[in-house]
J.: 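Would you mind keeping the following structure in view while I ask a few things?
Proteins get letters first, then strands, A, B, ... in listed order; numbering begins at 1 in each.
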There are 2 protein chains.
Amino acid sequence: MDWHAIPSLSALRAFEATARLNSFSKAARELNVTHAAIAQHVRALEAEFSETLVFRQGRGLALTQAGSALSDHLQSGFGEIAQGVEQLRNATNTRPLSISLTPAFATNWLMPRIGSFWREHPDISVNLNPSSALVDLTRDAFDMAIRFGEGTWRGLDAFLLAEGDFCVVAHPDLVKGRRATCLEDVADFPWLLEGKMRERGALLVKEGVDFETSTIKMFDTNAMVFAAVNAKLGLSVQPYALVKDQIDDGKLALVCALDRHGLGYYVVTRPGLQSQNLTTFIKWLRKQV
Amino acid sequence: MDWHAIPSLSALRAFEATARLNSFSKAARELNVTHAAIAQHVRALEAEFSETLVFRQGRGLALTQAGSALSDHLQSGFGEIAQGVEQLRNATNTRPLSISLTPAFATNWLMPRIGSFWREHPDISVNLNPSSALVDLTRDAFDMAIRFGEGTWRGLDAFLLAEGDFCVVAHPDLVKGRRATCLEDVADFPWLLEGKMRERGALLVKEGVDFETSTIKMFDTNAMVFAAVNAKLGLSVQPYALVKDQIDDGKLALVCALDRHGLGYYVVTRPGLQSQNLTTFIKWLRKQV
DNA sequence: TTTAATATGATAGTTGAACTTACATATTGA
DNA sequence: TCAATATGTAAGTTCAACTATCATATTAAA
């Protein structure tokens, strides 16, 4: 593309409208300017090409051969551009919201609630991508992510969705008949830990748990830890937000809460303007907490 | 075409270059502006669409899916426009010069000289359209006309190419042995007149010719008048410019010159800029007189 | 023919989109 | 760690684009 060969795009736009409507005045009304602006542009084009493009015919204008030829190309070219712009606008409004989140948060927090969003906004489709891997919102075309952390991600906006305070939980049957309100009460139960989550182990050490004398069972995923807890195999450390629902329902027993440590689940977005659909979804999210 | 749906064309142009070159800096150099100007345009587009179009990748930039889709349309659209502009520029420089002139001037003045123009400018083709009818330079797509008259045509530029002084000519054989330097000397010869040219008859009356006592032969075209003169049938009134060459060659005899009356052959053009080829042709014309 | 409505023609004056300047920050390769 | 080369951002400037205005041209209806 040699941009030097192309005269003022505003002038070409003015001429395109003039050619299509056979009138400066009509073109001016379409482009929301005065007829003088249009006429100046068209005269400038004629000077640029040393070629008459339009001439007076009665009340309006008619195209010369040269003007007609140029107009054909302009209509086709600008049409293509308009189409591209149109497609982009449509795509922005109709494509599914793409959201990256951790599998545990998806399973234990979002899935039980997402039905309400779908009922309220049946026209907005949401594409949930559970993955522990960090993603680049821009490169991987996610509109939003829900991440566990301290709330600081370079170059991204984030706000706290749910506190990340950890707690110890067990199956109600397992601790039935026990006081089970502090760690000492359940010191004889095995610990069920996800292999990757070393920080949760460290947290327990800080709470006075002695791994030398405790039984420890490791699992690959948090989903397997939950399955083990439900099988009454032992105790698990989980963010309170993830297990609150099941505790309230009596499906899990809360053994004890651990100290706050400043972590939490954050809604992470790209800075700047957000699509209407994303704004709607985030508003809904805030209503859930 | 709904121009309201299309954002700033300058911004689209900036984005097109950015997308093609994967760099603000390169786009800026191509468009002869600073990188800041390009960046502002692209950011404005992103805000307009609420959609990221480019993101940093190493030293340069990469396109998002949305950016890539838009870029495709823009390249195609702007390409079409560039092509139209290019064709128009080429057409202006390569299409034949189209010139309207009177048949008599073409035959008697221009044709004997045009060979020299073709030799000097073999690349410029000239389309001569002999016609007595007045033409609209713009509507009929003529670059230029040569017309006989007073030099004032509304809305058109004109300059005098050759004086239009009339003279009386005859075949040399016809007036051989006569003094033939004034009208009285040849009062007994017939007048050969073109039917339409009543003003030339009026001119003769003003010169003292008595049509009551003279023989008059009328012809439909000036070419037939010339043929009749060459057949030694009588006298003819012609603009001096048209017969000067033949008088100099001895092919015609000049009987007498008539009074000046302010008419002449004019080069008539549209006001404003002229194509290079037309300028060249007009320059050559002036050299011939 | 006159008048009213609606065009284009032309130009001096105004304005804001586009641009430059300037400095900060980020990435890469030597 | 430094030099080279990007992008990020904001304040300030400028000129292309636009408006306002008046003149002129065309058409249709009175």
J.: Under the ring-ring contact (aromatic ring centres under 6.0 Å, His included) rule, collect the residues that match up with A/F24, sequence neighbours excluded.
T.: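 Per chain and number, A/F24 pairs via ring-ring contact (aromatic ring centres under 6.0 Å, His included) with no residue.
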
J.: Would you call A/E16-A/R13 a salt bridge at under 4.0 Å N-O?
T.: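 A/R13 and A/E16: not salt-bridged.
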
J.: Not counting sequence neighbours, list each pair that qualifies as a salt bridge (Lys or Arg N to Asp or Glu O under 4.0 Å) and has a residue in residues 69-90 of chain A.
T.: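 Passing the test, one end in residues 69-90 of chain A: A/R89-B/E48.
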
J.: Between the protein and nucleotides 25-30 of chain C, list the N/O to N/O atom pairs that are separated by less than 3.5 angstrom.
T.:
| from | atom 1 | to | atom 2 | distance (Å) |
| --- | --- | --- | --- | --- |
| C/dT28 | O2 | B/R59 | NH2 | 3.1 |

J.: CD of B/E46 versus P of D/dT7: gap in Å, rounded?
T.: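 Rounded to whole Å, this separation is 13 Å.
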
J.: Going by distance alone, is a donor N or O of one side chain under 3.5 Å from an acceptor N or O of the other, for B/S125 and B/R95?
T.: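 Short answer, no.
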
J.: Could you walk me through whether A/S100 and A/R147 pass side-chain hydrogen bond (donor to acceptor under 3.5 Å, both in side chains), step by step?
T.: CA-CA 8 Å; A/S100 167; A/R147 291 288 138 190; 2.6 Å; yes

J.: Please name all residues satisfying ring-ring contact (aromatic ring centres under 6.0 Å, His included) with A/W3, sequence neighbours left out, ordered by chain then number.
T.: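 Testing A/W3 for ring-ring contact (aromatic ring centres under 6.0 Å, His included), a comparison that skips the adjacent residues, returns B/F78.
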
J.: Quick test: give all pairs of protein nitrogen or oxygen and nucleotides 15-22 of chain D nitrogen or oxygen below 3.5 Å, distance rounded to 0.1 Å.
T.:
| from | atom 1 | to | atom 2 | distance (Å) |
| --- | --- | --- | --- | --- |
| D/dA17 | OP1 | A/S8 | OG | 3.1 |
| D/dC18 | OP2 | A/H41 | NE2 | 2.7 |
| D/dC18 | N4 | A/Q40 | OE1 | 3.4 |
| D/dT19 | OP2 | A/T34 | N | 2.7 |
| D/dT19 | OP2 | A/T34 | OG1 | 3.2 |
| D/dT19 | O4 | A/Q40 | NE2 | 3.2 |

J.: What parts of residues 15-25 of chain B reach DNA chain D, counting only heavy atoms under 4.0 Å away?
T.: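 Residues of residues 15-25 of chain B under 4.0 Å from DNA chain D: B/S23, B/F24, B/S25.
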
J.: Using whole Å, what does the distance between atom C1' of nucleotide C/dG9 and atom CZ of A/F55 come to?
T.: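 So the two atoms are 17 Å apart, to the nearest Å.
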
J.: What residues, two or more places apart in sequence or in another chain, satisfy ring-ring contact (aromatic ring centres under 6.0 Å, His included) together with A/F117?
T.: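 Scan of A/F117 (ring-ring contact (aromatic ring centres under 6.0 Å, His included), adjacent residues dropped) gives A/H121, A/F281, A/W284.
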
J.: Could you give the CD-to-C1' distance, from B/E48 to C/dA18, as a whole number of Å?
T.: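 Whole-Å distance recorded here is 16 Å.
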
J.: Step through the shown structure and confirm whether more than 12 heavy atoms of other residues, nucleotides or ligands are within 6.0 Å of CD on A/Q83.
T.: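 Yes, the 6.0 Å shell around CD holds more than 12 heavy atoms from other groups.
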
J.: Sequence neighbours left out, what pairs pass salt bridge (Lys or Arg N to Asp or Glu O under 4.0 Å) with at least one residue falling in residues 278-289 of chain B?
T.: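 Residue pairs with at least one partner in residues 278-289 of chain B: B/E120-B/K287.
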
J.: Please collect all salt bridge (Lys or Arg N to Asp or Glu O under 4.0 Å) contacts where either partner lies in residues 25-37 of chain A, sequence neighbours excluded, each pair once.
T.: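 For residues 25-37 of chain A: A/R20-A/E30.
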
J.: For the helix from C/dT1-D/dA30 to C/dA30-D/dT1, what is the angle between the axes at its two ends, each from 5 pairs, rounded to 10°?
T.: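 Inter-axis angle at the termini of the helix from C/dT1-D/dA30 to C/dA30-D/dT1: 30°.
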
J.: Is the count of non-hydrogen atoms from other residues, nucleotides or ligands lying under 6.0 Å from A/D220 atom CG greater than 12?
T.: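 Atom CG in A/D220 is not packed in, count stays at 12 or less.
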
J.: CG of B/L53 versus C1' of D/dG8: gap in Å, rounded?
T.: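 After rounding, the gap between these two atoms is 17 Å.
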
J.: With B/Y265, which residues qualify under ring-ring contact (aromatic ring centres under 6.0 Å, His included), at least two apart?
T.: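 B/Y265: ring-ring contact (aromatic ring centres under 6.0 Å, His included) contacts with B/F105, B/F148.
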
J.: With sequence neighbours left out, what residues match B/N277 under side-chain hydrogen bond (donor to acceptor under 3.5 Å, both in side chains)?
T.: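 By the side-chain hydrogen bond (donor to acceptor under 3.5 Å, both in side chains) rule, B/N277 matches no residue at all.
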
